[in-house]
2 protein chains.
Amino acid sequence: MLKEERQHLILDKIKLNRKVLSADLSIELQVSEDTIRRDLNELSAKGLIKKVHGGALPVDTKAPSYEERKFSNLKEKNNIAKKAVSLIKNGQVIIMSGSTTNLQLAKIIPSDINATIYTYSLPIALQLTEHPSIEIIFIGGKLNKPAQVTVGLDVVSSISQLRADLCFMGTGGINVENGMTEPNWEVSHIKKCMIEASEKVIVLCTNNKINEVKRYPVTPIIKINTLITDLNSKNEIFIPFKEKGVKIL
Amino acid sequence: MLKEERQHLILDKIKLNRKVLSADLSIELQVSEDTIRRDLNELSAKGLIKKVHGGALPVDTKAPSYEERKFSNLKEKNNIAKKAVSLIKNGQVIIMSGSTTNLQLAKIIPSDINATIYTYSLPIALQLTEHPSIEIIFIGGKLNKPAQVTVGLDVVSSISQLRADLCFMGTGGINVENGMTEPNWEVSHIKKCMIEASEKVIVLCTNNKINEVKRYPVTPIIKINTLITDLNSKNEIFIPFKEKGVKIL
DNA sequence: TAAATTAATGAAATAATATGCTAAAAGAAG
DNA sequence: CTTCTTTTAGCATATTATTTCATTAATTTA
């Protein structure tokens with residue numbers, strides 16, 4: 001039996017039984033436990049399984065939680081949220097993407113504001129239920145657990161049918177040449193739709209995202225109306241953005 | 001049994017029963033109490049449980065507004081949830097309505113269960129994001145803030161397109177003559193759709209809802225497959241329900 | 001407070017792992 | 001085809017992880 005073949009069988013067995021024992025595999029695949037251990041260690045190094053004393057288990061799908069990210073860069077995010085909230089006017093229809101910066105924004109929307117907010121983020125929707133007058137429309141679909149947002153075709157098609165005044169978007173990265181970019185293909189697609197559906201596009205991002213480029217393009221810089229960061233708007237880093245017509249806050 | 005596997009079982013059992021005794025676990029898992037104690041100490045060090053003299057408890061969670069209601073009748077609700085969880089099988093498609101009893105159920109679904117759950121309740125969806133293998137589909141629509149669920153035509157039409165094996169439903173009231181009834185018209189309509197979309201209908205309710213009648217009818221008793229309450233299933237109050245073919249748990 | 005239960009500790013047993021070494025098999029180069 | 005190298009698997013042994021047991025300390029309960 002080939003080594004690869006054996007490792008595939010091991011992976012299949014883990015998927016099936018949610019655990020494997022080195023001793024069992026040794027008998028079943030007719031090789032020594034040493035070999036099995038070597039296989040398990042290799043698979044574990046590739047992150048495909050979790051090696052434990054006596055055998056192996058599937059990898060924990062539980063990714064680093066949204067909760068954890070919620071508290072990083074809190075000061076910067078709050079700074080951005082404060083600038084963003086001034087753009088919200090009564091009667092507007094707004095789309096919010098699922099970033100933690102947007103969550104911060106959702107927290108500080110003044111209670112006398114009366115608007116309609118579309119979102120596909122569970123934490124943001126939940127936060128907005130505390131607001132007395134905002135109408136919330138949640139965009140349904142398959143849930144992405146670590147990000148706690150809905151994704152997929154349902155989301156894309158729902159957003160395509162909207163007409164909004166503003167959209168507030170977090171981003172994976174932004175620079176002048178590549179515009180907005182995202183590490184996740186599905187998210188990049190959804191954000192394209194959000195931009196199409198909105199009169200004005202407002203990008204919220206912490207300074208560490210500026211001049212970062214991620215894998216999937218979302219939109220050229222020209223479609224972005226306003227960029228809000230924690231930096232001072234007069235910072236020279238923004239000069240090329242301003243030349244492209246982006247307003248900086 | 002692998003150490004990690006054992007610790008997972010302990011976590012599941014704590015979720016389910018809200019407490020475990022070292023002595024019980026020792027017998028159940030066929031290891032010494034020393035080992036159990038070491039497991040509990042390790043899990044406690046990771047902050048996953050709270051170790052106490054003689055056993056362990058779940059970690060205390062904070063309790064704001066919606067959360068407060070969640071803890072009223074907690075014992076009864078957990079009792080119901082424990083009975084309900086036994087009905088969930090791998091591979092099923094399940095619809096869950098937005099009651100706090102259902103939230104309790106969402107909390108205790110064992111981590112090795114693999115199913116697809118449709119829901120229109122924010123807290124339930126959020127709770128399920130903690131589960132490693134369940135696929136969650138959120139049904140979008142306009143948010144009802146106090147209940148933290150989506151309502152309206154979008155929800156109705158989404159549910160109409162589903163085919164599910166089970167639906168778990170809370171209820172405003174149930175009796176033999178009027179069947180299930182709801183105080184809210186929109187909710188009654190949504191629940192009708194859920195029943196149409198599901199192979200089996202399982203109603204979860206605390207004893208105070210039995211023989212209550214609310215304003216809007218949802219379904220005659222005949223369409224309900226199983227009724228789960230905190231009472232003993234042999235209680236004479238259930239005799240007329242049983243005569244109508246409802247299974248009592 | 002005394003009795004009973006539970007916890008902590010260290011020694012000992014058992015099982016699993018890592019490591020170095022050997023040998024066979026498969027490829028590569030001449 | 002031969003020789004050399006590389007990969008792979010098995011074995012012996014040292015090391016480490018895990019569990020149990022005996023003993024003593026701490027905590028709860030009556």
Side-chain angles (χ1 to χ4, degrees), chain A residues 1-64, chain B residues 1-61 63 71 74-75 78-79 82 107-108 110-113 132-133:
Chain A
M1 176 175 312
L2 300 172
K3 186 178 145 186
E4 283 242 347
E5 192 186 357
R6 199 176 51 228
Q7 296 194 352
H8 268 112
L9 288 171
I10 294 174
L11 285 176
D12 282 349
K13 185 158 191 199
I14 289 182
K15 247 196 262 177
L16 196 60
N17 300 342
R18 304 188 65 79
K19 84 167 185 186
V20 288
L21 306 181
S22 309
D24 288 356
L25 286 171
S26 163
I27 296 167
E28 198 170 322
L29 304 177
Q30 288 292 307
V31 291
S32 73
E33 291 196 28
D34 284 86
T35 302
I36 295 295
R37 261 193 294 277
R38 259 188 295 257
D39 286 339
L40 295 181
N41 280 331
E42 284 171 25
L43 292 171
S44 173
K46 286 185 200 159
L48 299 174
I49 63 174
K50 179 168 184 192
K51 174 94 186 65
V52 298
H53 197 92
L57 299 168
V59 281
D60 284 340
T61 51
K62 203 168 165 184
Chain B
M1 176 171 315
L2 300 172
K3 183 178 147 185
E4 185 129 354
E5 193 186 0
R6 198 178 52 228
Q7 297 192 351
H8 273 304
L9 289 171
I10 294 174
L11 285 176
D12 277 348
K13 182 155 194 198
I14 290 181
K15 273 200 297 185
L16 198 59
N17 298 335
R18 308 193 58 76
K19 82 169 185 190
V20 288
L21 306 180
S22 309
D24 290 356
L25 286 171
S26 164
I27 296 165
E28 201 173 324
L29 303 177
Q30 289 290 307
V31 291
S32 73
E33 291 195 29
D34 282 283
T35 302
I36 295 295
R37 260 193 292 278
R38 222 168 321 100
D39 285 339
L40 296 181
N41 282 330
E42 284 172 22
L43 292 171
S44 172
K46 287 185 198 159
L48 299 173
I49 62 173
K50 181 173 179 191
K51 174 92 185 66
V52 297
H53 197 93
L57 301 170
V59 282
D60 317 328
T61 47
F71 284 101
L74 182 60
K75 240 180 80 187
N78 196 56
N79 205 318
K82 262 158 72 178
K107 272 191 189 166
I108 65 169
S111 48
D112 60 342
I113 289 270
S133 52

Length of the line joining [X]:[atom1] and [N]:[atom2], which is rounded to integer Å:
| X | N | atom1 | atom2 | value |
| --- | --- | --- | --- | --- |
| B:Glu5 | D:dT18 | CD | P | 14 Å |
| B:Asp24 | C:dT5 | CG | C1' | 14 Å |
| B:Asp39 | C:dA7 | CG | P | 13 Å |
| A:Lys3 | C:dA25 | NZ | C1' | 14 Å |
| A:Leu40 | D:dA9 | CG | P | 13 Å |
| B:Lys19 | C:dT6 | NZ | P | 12 Å |
| A:Leu29 | D:dG10 | CG | P | 11 Å |
| B:Leu2 | C:dA15 | CG | C1' | 12 Å |

Inter-residue atom distance B:Asp34.CG - B:Arg38.CZ, 0.5 Å rounding: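 Here the rounded value is 6.5 Å.
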Inter-residue atom distance B:Leu48.CG - B:Leu43.CG, 0.5 Å rounding: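 B:Leu48 CG to B:Leu43 CG: 6.0 Å, rounded to 0.5 Å.
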Check: B:Lys82/B:Asn17 side-chain N/O donor and acceptor closer than 3.5 Å: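 Yes, a side-chain donor-acceptor pair sits under 3.5 Å.
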Name the pairs: protein N/O against N/O of nucleotides 16-19 of chain C, kept only if under 3.5 Å.
from, atom 1, to, atom 2, distance (Å)
C:dA16, O4', A:His53, NE2, 3.0
C:dA16, O3', A:Gly54, N, 3.0
C:dT17, OP1, A:Lys51, NZ, 2.7
C:dT17, OP1, A:Val52, O, 3.4
C:dT17, OP1, A:Gly54, N, 2.7
C:dT17, OP2, A:Arg37, NH1, 2.8
C:dA18, OP2, A:Asn41, ND2, 3.3
C:dT19, O4, A:Asp34, OD2, 3.3

Under 3.5 Å: donor-acceptor pair, side chain of B:Ser26, backbone of B:Val31: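 Yes, because the side chain of B:Ser26 sits within donor-acceptor range (under 3.5 Å) of the backbone of B:Val31.
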Side-chain donor/acceptor of B:Ser22 to backbone N/O of B:Ile36, under 3.5 Å: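 Judged by distance alone, no pair lies under 3.5 Å.
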N/O (side chain, B:Thr35) to phosphate O (OP1/OP2, D:dT20) under 4.0 Å: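 So the side chain of B:Thr35 is within the cut-off, an N or O lying under 4.0 Å from OP1 or OP2 of D:dT20.
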Side-chain donor-acceptor pairs under 3.5 Å in residues 2-11 of chain B, sequence neighbours left out?
from, atom 1, to, atom 2, distance (Å)
B:Lys3, NZ, B:Glu42, OE1, 3.2
B:Lys3, NZ, B:Glu42, OE2, 3.4
B:Glu4, OE2, A:Lys50, NZ, 2.5
B:Glu5, OE1, A:Lys19, NZ, 2.8
B:Glu5, OE1, B:Leu2, N, 3.1
B:Glu5, OE2, A:Lys19, NZ, 3.1
B:Arg6, NE, B:Asp39, OD2, 2.6
B:Arg6, NH2, B:Asp39, OD1, 3.1
B:Arg6, NH2, B:Asp39, OD2, 3.0
B:Gln7, NE2, B:Asp39, OD1, 2.9
B:Gln7, NE2, B:Glu42, OE1, 2.9

